Amino acid sequence: MDSSPNVLDSSLNAARRSRELRRVAEERVDVLVVGLGATGAGAALDAVSRGLSVAAIDAHDLAFGTSRWSSKMVHGGLRYLAKGQVGVAYESAVERGILLRRTAPHLVKAHPYLLPLTPAVSRRQAALVMSGYRLGDGLRAAARTPRRVLPGPTRLNAARAHTLAPILRTDGLRGALLSWDGRLLDDARLVVALARTAAAREARVLTRCRALRLTGQGAQARDELTGEEFTIRAKAVINATGVWAGTLDPQVRLRPSRGSHLVLEPGTLPGLIAGMHVPIPGESNRFALVLPQPDGRVYVGLTDEPVDGPVPDVPEVPPEDVRTLLEVLNGVLEVPVTGEAVAGAYAGLRPLLAADGRTADLSREHAVLSEGGVVTVVGGKLTTYRRMAEDAVDRAVSSAKLRAGRCRTRRIALVGAGPRPSGVPLRLAERYGSEAAAVHELVLRHPEEVGLGFTKGELLWSVLHEGALDEGDLLDRRTRIGLVKRDRDRALPATRDVLDRFSRA
């Protein structure tokens with residue numbers, strides 16, 4: 001397996017952006033990737049690791065779109081298995097294993113999930129779900145992910161279930177089904193790691209660079225910081241803009257689906273250790289997710305509603321989604337959660353391929369389209385970003401007749417994936433992996449807390465090495481302080497001080 005790149009080679013910052021912008025305007029690259037979510041950043045890494053010259057641009061920031069609004073799950077596709085989509089489920093299990101064992105073990109961990117066996121869950125339904133869990137465990141084995149990495153499912157009695165989730169209603173509780181799946185500490189951090197790993201191999205990674213028009217030979221682009229327009233010349237172009245793909249490629253027909261999550265105040269669900277799958281009434285194979293976070297918050301999702309009309313840059317959570325999620329959650333709690341406990345909310349838009357029927361029933365398979373010279377990759381999900389990127393680059397290489405090696409990203413360790421250093425706080429080790437010691441040095445020099453345990457030193461690290469250019473990058477993507485407006489407002493002065501200090505450095 002390729003080792004994780006060093007800090008300096010992978011650093012993204014304002015100075016590097018300025019240098020790379022000049023170079024991109026002057027040279028012709030082999031591959032231009034548009035969109036720096038998980039799939040686009042993954043495509044940039046895939047292409048550059050094959051020996052191709054690469055420019056990758058985004059109109060906003062790394063992980064600005066759907067890739068920061070997920071449930072933070074890296075899952076084996078049980079839902080797809082239940083619908084007979086064995087290929088999608090197996091692909092998910094394989095990609096989950098690659099992330100857990102090889103490419104991002106510092107960011108992706110196994111996590112337990114409970115499905116409470118309340119009176120609303122019949123014994124037949126419980127048996128069907130457990131059968132699904134066992135089939136999923138078979139996919140784990142087929143994908144060669146060891147049990148020591150991802151344990152198998154089991155059934156718990158009521159007392160044991162209450163130990164892992166003491167907030168469960170005891171009346172009628174028969175126990176719970178326990179399963180394990182992959183979980184991301186932070187989905188946006190995965191995208192940052194992908195982009196930095198690509199940059200370490202000399203990909204030109206440019207945020208705040210908007211593609212205005214695409215052709216098979218490049219793009220007309222605009223620097224969003226200065227307003228200057230310029231041409232990027234390329235032998236092949238990959239459109240990886242997700243739900244916005246149709247704005248650059250008219251052949252794409254998507255049916256976006258909104259997935260909403262609530263952010264509950266710390267302490268709202270005391271003692272909750274495991275995540276939870278809560279069956280949605282009236283649905284045979286859909287569950288709400290309850291996801292405790294390291295900062296004490298709890299995320300509750302996930303809706304699946306069609307979105308009509310223009311696609312917004314930042315989706316909003318409508319009141320009916322809040323009510324629906326609280327109703328489902330309260331169906332299993334001893335003490336109901338009220339609206340006052342909802343500190344914030346977020347929504348992401350899934351780029352589902354257009355078809356008849358509900359968005360909840362649409363396939364999560366991805367597609368690679370290449371009519372008109374531009375390769376567009378759409379559909380899919382966060383777990384399978386690497387395979388989506390591989391397929392897109394394969395098509396680009398073939399269509400443009402580029403000389404390139406085969407995909408190598410199954411074995412490329414992302415930034416931070418090396419051994420954890422000793423003598424650093426556990427929180428830093430879990431968040432930054434092998435880079436934690438370098439981050440800790442900045443924290444020791446700038447220990448002032450900004451919010452949720454983050455310090456000015458960590459914000460400075462994001463400015464120096466992770467491509468953060470403004471307060472939104474820092475609060476809404478490099479950290480998740482901005483999910484709660486109150487926390488964001490408190491952190492703004494310190495955040496602006498860090499940015500001002502760097503500009504004067």
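Everything numeric in this text was worked out from a predicted model, so none of it was measured. For reference, positions follow the sequence shown, starting with 1.
Remark: the Ser49 side chain and the Arg408 side chain contain no N/O donor-acceptor pair separated by less than 3.5 Å.
By the 6.0 Å contact criterion, CD on Glu316 is open, its count of non-hydrogen atoms from other residues, nucleotides or ligands being 12 or less. More than 12 non-hydrogen atoms from other residues, nucleotides or ligands lie less than 6.0 angstrom from CD of Glu449.
Ring geometry for Trp461 against Tyr432 counts as perpendicular: the plane angle is over 60°, on a 0 to 90° scale with 30° as the lower cut.
For Arg208 and Phe64, the positive end is not near the middle of the six-membered ring at less than 6.0 Å and at most 45° from its axis.
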TODO: I would like to know whether Asp137 and Arg140 meet salt bridge (charged side-chain N to carboxylate O under 4.0 Å, His left out); could you show each step before the answer?
DONE: CA-CA 5 Å; Asp137 192 50; Arg140 171 206 58 77; 2.7 Å; yes
Open item on the list: Before you tell me yes or no, could you show the steps for Glu202 and Arg23 under salt bridge (charged side-chain N to carboxylate O under 4.0 Å, His left out), namely the whole-Å CA-CA distance, both residues' side-chain angles and the distance that decides it to 0.1 Å?
Closed with: CA-CA 12 Å; Glu202 298 188 357; Arg23 291 171 181 167; over 6 Å; no
- [ ] Take Tyr113 and His277 through the test ring pair (Phe, Tyr, Trp, His ring centres under 6.0 Å) and record every step on the way to the result.
- [x] CA-CA 7 Å; Tyr113 294 87; His277 296 140; 5.1 Å; yes
- [ ] Could you check Glu265 against Arg486 for salt bridge (charged side-chain N to carboxylate O under 4.0 Å, His left out), going step by step and ending with a plain yes or no?
- [x] CA-CA 11 Å; Glu265 295 272 14; Arg486 177 190 64 239; 3.1 Å; yes
Task: Arg480 and Asp295: CA distance, side-chain angles, deciding distance, salt bridge (charged side-chain N to carboxylate O under 4.0 Å, His left out) verdict - done: CA-CA 10 Å; Arg480 289 309 174 83; Asp295 58 24; over 6 Å; no
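Evaluation of the salt bridge (charged side-chain N to carboxylate O under 4.0 Å, His left out) rule for Arg477 yields Asp61, Asp473 as partners, not counting sequence neighbours.
Looking only at distances, a side-chain donor or acceptor of Thr384 sits under 3.5 Å from a matching main-chain atom of Lys381. Under a 3.5 Å cut-off, the side chain of Arg17 and the backbone N or O of Thr207 do form a donor-acceptor pair. Checking side-chain atoms of Arg387 against main-chain N and O of Glu95 turns up no donor-acceptor pair under 3.5 Å. Here the side chain of Arg427 pairs a donor or acceptor atom with the backbone of Gly453 at under 3.5 angstrom.
When each of Val34, Leu206, Leu32 is tested with Ile232 by the rule side chain to side chain contact (heavy atoms under 4.5 Å, CB included), just one qualifies, namely Leu32. Remark: of the listed residues Arg431, Lys72, Lys109, Arg431 is the sole one forming a salt bridge (Lys or Arg N to Asp or Glu O under 4.0 Å) with Asp186.
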